[in-house]
There are 2 protein chains.
Amino acid sequence: MSDGVTLPGVGERTSAAGPRNGRLVLVPNTLDFGVGNGNGNGDGNGDGDAQADIRDLLPLGVIERAVVLEHWLVENARSARAFIRRCAVAAGREVVLQALDIREMPRARKGSPGGGAPSPAQRDEALAALKAGHDLGLLSEAGLPGVADPGRDWVAEAHALGHAVQVLPGASSITLAVAASGLQGQSFAFVGYLPVEATERRARIQALEQASRRLQQTQVLIETPYRNPALAEALVATLAPNTQLSVSVALAAPGGYTVTRRVQDWRRSTFTWPDRLPAVFCLMAASPAAAG
Amino acid sequence: MSDGVTLPGVGERTSAAGPRNGRLVLVPNTLDFGVGNGNGNGDGNGDGDAQADIRDLLPLGVIERAVVLEHWLVENARSARAFIRRCAVAAGREVVLQALDIREMPRARKGSPGGGAPSPAQRDEALAALKAGHDLGLLSEAGLPGVADPGRDWVAEAHALGHAVQVLPGASSITLAVAASGLQGQSFAFVGYLPVEATERRARIQALEQASRRLQQTQVLIETPYRNPALAEALVATLAPNTQLSVSVALAAPGGYTVTRRVQDWRRSTFTWPDRLPAVFCLMAASPAAAG
C-alpha cells in the first residue's frame with residue numbers, strides 16, 4: 001500500500017505547497033463487533049472471545065498500515081487496543097501498546113452549553129498529533145469511521161486544517177447489505193435510526209416507503225441490536241404488502257445471512273427476528289405503476 | 001471464513017427445510033479497475049499492468065473463498081479470469097482457469113422487445129450452476145456486485161428461488177468516499193449518474209442540493225471517468241456557495257485522495273479535475289438555518 005498523495009492529472013497535488021504533513025488515516029474495523037464467535041462473551045472486544053483471524057476480514061495492506069501508526073483517535077480505547085493487538089499478531093510484528101498514543105474521540109457532553117459539541121480545547125487535543133506532523137489513525141467500533149459511526153467531525157476538521165485524509169479499503173455493513181438484498185443498488189439511501197416512539201416510528205416508516213416509491217430508491221436503516229425485533233415488527237406491520245423488505249444479520253461474521261421477501265410473505269412466514277445481533281434493514285417499494 | 005448459515009436465535013434457518021443447496025456468493029472486487037499502476041496500459045485487466053498484491057486490497061478470507069469457487073457469473077469474463085489468477089497467486093494455489101465455468105451476466109439487449117431485459121432462457125442459463133446445487137460466485141468489475149454495478153437481478157433471482165445469498169466483506173468506493181469526505185455519514189444517498197444534457201443536469205443538481213438541505217443528507221454521485229471534468233464544473237457552477245463538495249479520486253489505489261471544500265472555495269482554487277480516473281462526488285448543503 002503506497003503512501004503517495006500525487007496522481008497524474010491532478011495539478012494541485014503536485015504543486016510545491018501540497019497538503020500539510022500529518023495525514024488522517026481512516027482505518028476500517030472488522031464487522032464482527034458485538035457478534036462474538038460462539039464460545040466467548042460475545043462482546044467482540046477480543047478479551048477471550050474466539051475471533052476469526054483478522055486477515056480473513058481485512059486486507060493485509062490495512063493490517064500492515066495499522067501496526068505502524070503510533071497515534072490513534074478512536075471510539076473506544078480498550079477495543080482499539082484489542083484491534084491493534086489482533087493486527088500485530090496477524091502481521092507477525094511486535095507492538096508495544098503502552099507506547100502508543102491512543103485517545104478517545106471527545107464525546108458529546110449531554111446538557112452542556114453548545115449542544116454537547118466538544119469544547120475547543122477537546123478539539124485541539126484530539127488532533128494534536130496530526131498538527132505536530134504525525135499520521136493519525138481514526139478508528140470506530142465497526143466498519144468505517146464516520147459512516148453510521150463517530151468520526152466525521154475529525155475528518156472534517158482535518159480537511160479544514162489542510163491535512164491529507166486517506167481512507168483504507170474496508171467493508172461497510174451498509175453497502176454489503178444493499179448488495180446482498182438484491183434490491184435497487186443504483187440508488188439507495190442510508191437513513192440511520194428511526195424514532196423509538198411507536199407513532200413517530202410508524203410515520204417515519206411511511207415517509208421512507210413513499211420516498212422509496214417516488215425515487216425508486218432502496219432505503220437502508222439500522223437499530224440498536226436489542227430493538228431489532230420491535231423495528232422488524234413495525235416494518236412488517238406498516239409497509240405495503242408488495243414492498244420488499246430485506247434483513248441482513250451479522251454480515252461478514254461466520255453465519256451471517258440475508259433474507260429478502262415481500263412484506264406479504266414476511267406476514268405469512270415464521271421468523272425469529274434477530275435479537276442482540278447487529279442487523280441492517282433494506283426496504284424497496286414497488287414502482288408506482290406496479291403499486292396497485 | 002466459515003460457510004455456516006445458521007445463527008443462534010434465528011429459528012427458520014435452523015429448521016429442517018433450510019435454504020436450497022447452491023449458494024450465491026457475492027465476491028467483492030478490488031477498486032483499482034481503470035486506474036492501473038503507472039507502467040501498464042492502465043486498463044486494470046492485469047494484462048501487463050503492474051498491480052498491487054491483491055492481499056493488500058482484499059481480505060485473505062475473500063481470496064481463499066474465491067479460489068475454490070468453480071462456477072462464476074461475472075460482468076466481464078476476461079477480467080474475471082485475471083482476478084481469479086491474482087487470487088490464486090496470492091493464495092499460493094494452482095487454479096486451472098480453463099476448467100472453471102465462467103459465464104457473463106446476460107446484458108440488456110438494446111431495442112429488443114421486453115425493454116432489453118434478459119430472456120427467460122438467458123436467465124435460466126445464468127443461474128444453472130446454482131440450480132444444480134453448486135455455489136456460484138458473482139463478480140463485477142469493481143467493488144461489490146449490485147452496488148452501482150451489475151448483479152442485482154441475479155441476487156434477486158437467487159432469493160426468489162430460495163437459495164442462500166452470502167456476501168463477502170469488501171469495500172465499496174461509495175462508503176469509502178462518504179467516510180473520507182467528512183460530510184454527513186449518518187444519512188447519505190447514492191444517486192448514481194446524472195443526465196448528460198446540460199439543462200437537465202443542472203436541474204438535477206439543484207434537486208439533489210434541495211434534498212440534501214431538506215433531509216440534511218449527503219448526496220453521492222458518480223460519472224463515467226472521461227465525463228468527470230464536465231460534471232465537476234457543472235457542480236461548482238450550479239451549487240450554492242456554502243454547499244460542501246467533496247471529490248474522491250481513485251480511492252484505495254496508490255495515490256488515491258479526497259478533497260472537501262465549500263463551493264465558494266472550489267471557485268477560488270485552481271484544480272485539475274480528474275480525467276479518465278474513477279471519482280466519487282459527495283455534496284452536502286448547509287442546514288436551512290445556516291443557508292442565508
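Since we're looking at a predicted model, the values are computed, not measured. Just so it is clear, the values below take in all heavy atoms, side chains as well, and ignore hydrogens, waters and symmetry mates. Each chain gets a letter, A, B and so on, in the order its sequence line appears, and its residues count up from 1.
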Quiz item: Which residue out of Gly185(A), Pro59(A), Gly143(A) racks up the most heavy-atom pairs below 4.5 Å with chain B?
Solution: Pro59(A)
Practice problem: May I ask you to check whether Arg261(A) and Ser269(A) show a side-chain donor-acceptor distance below 3.5 Å? | Solution: yes
Quiz prompt | Max heavy-atom pair count under 4.5 Å with chain A, selected residue of Gly192(B), Gly170(B), Ser172(B), Gly146(B) | solution = Gly170(B)
Quiz item: Looking at Leu26(B), Val220(B), Thr260(B), which has the largest count of heavy-atom pairs under 4.5 Å with chain A?
Solution: Thr260(B)
Quiz item: Does a donor on one side chain and an acceptor on the other come within less than 3.5 Å for Gln219(B) and Gln217(B)?
Solution: yes
Quiz item: Given a strict heavy-atom distance threshold of 4.5 Å, which part of Leu58(B) is in contact with chain A: side chain, backbone, both, or neither?
Solution: backbone
Exercise. With a 4.5 Å cut-off on heavy-atom pairs, point out which of Leu183(A), Leu24(A), Leu215(A) contacts chain B the most.
Key: Leu183(A)
Practice problem: Sort Glu157(B) into side chain, backbone, both or neither according to what part of it lies under 4.5 angstrom from a heavy atom of chain A. | Solution: neither
Quiz item: Which of the residues Gln244(B), Arg55(B), Glu64(B) is involved in the greatest number of heavy-atom pairs with chain A at under 4.5 angstrom?
Solution: Arg55(B)
Quiz item: Does the distance from a Lys or Arg side-chain N to an Asp or Glu carboxylate O, for Arg65(B) and Asp56(A), drop under 4.0 Å?
Solution: no
Practice problem: Tell me, out of Ala180(A), Ser187(A), Ser246(A), who's got the most heavy-atom pairs with chain B below 4.5 Å. | Solution: Ala180(A)
Quiz item: Out of Gly182(A), Ala156(A), Ser248(A), Ala189(A), which one racks up the most heavy-atom pairs below 4.5 Å with chain B?
Solution: Gly182(A)
Quiz item: Can you name the residues that form a side chain to side chain contact (heavy atoms under 4.5 Å, CB included) with Val89(B), not counting sequence neighbours?
Solution: none
Exercise. Taking all heavy atoms of Val249(A) and all of Pro274(A), pick out the closest pair and write down the distance.
Key: CG2-CG, 3.6 Å
Practice problem: Decide yes or no for Val25(A) and Leu138(A): does some side-chain heavy atom of the first lie under 4.5 Å from some side-chain heavy atom of the second? | Solution: no
Quiz item: Non-hydrogen atoms of chain A under 4.5 Å away: do they reach the side chain of Asp149(B), the backbone, both or neither?
Solution: backbone
Exercise. Please flag which part of Ser181(A) lies under 4.5 Å from any non-hydrogen atom of chain B: side chain, backbone, both or neither.
Key: backbone
Practice problem: Can you measure from CG (Leu130(A)) to CZ (Arg23(A)) and round to the nearest 0.5 angstrom? | Solution: 10.5 Å
Quiz prompt | Test side chain to side chain contact (heavy atoms under 4.5 Å, CB included) applied to Arg204(B) - qualifying residues, sequence neighbours left out | solution = Val191(B), Leu194(B), Pro195(B), Leu208(B)
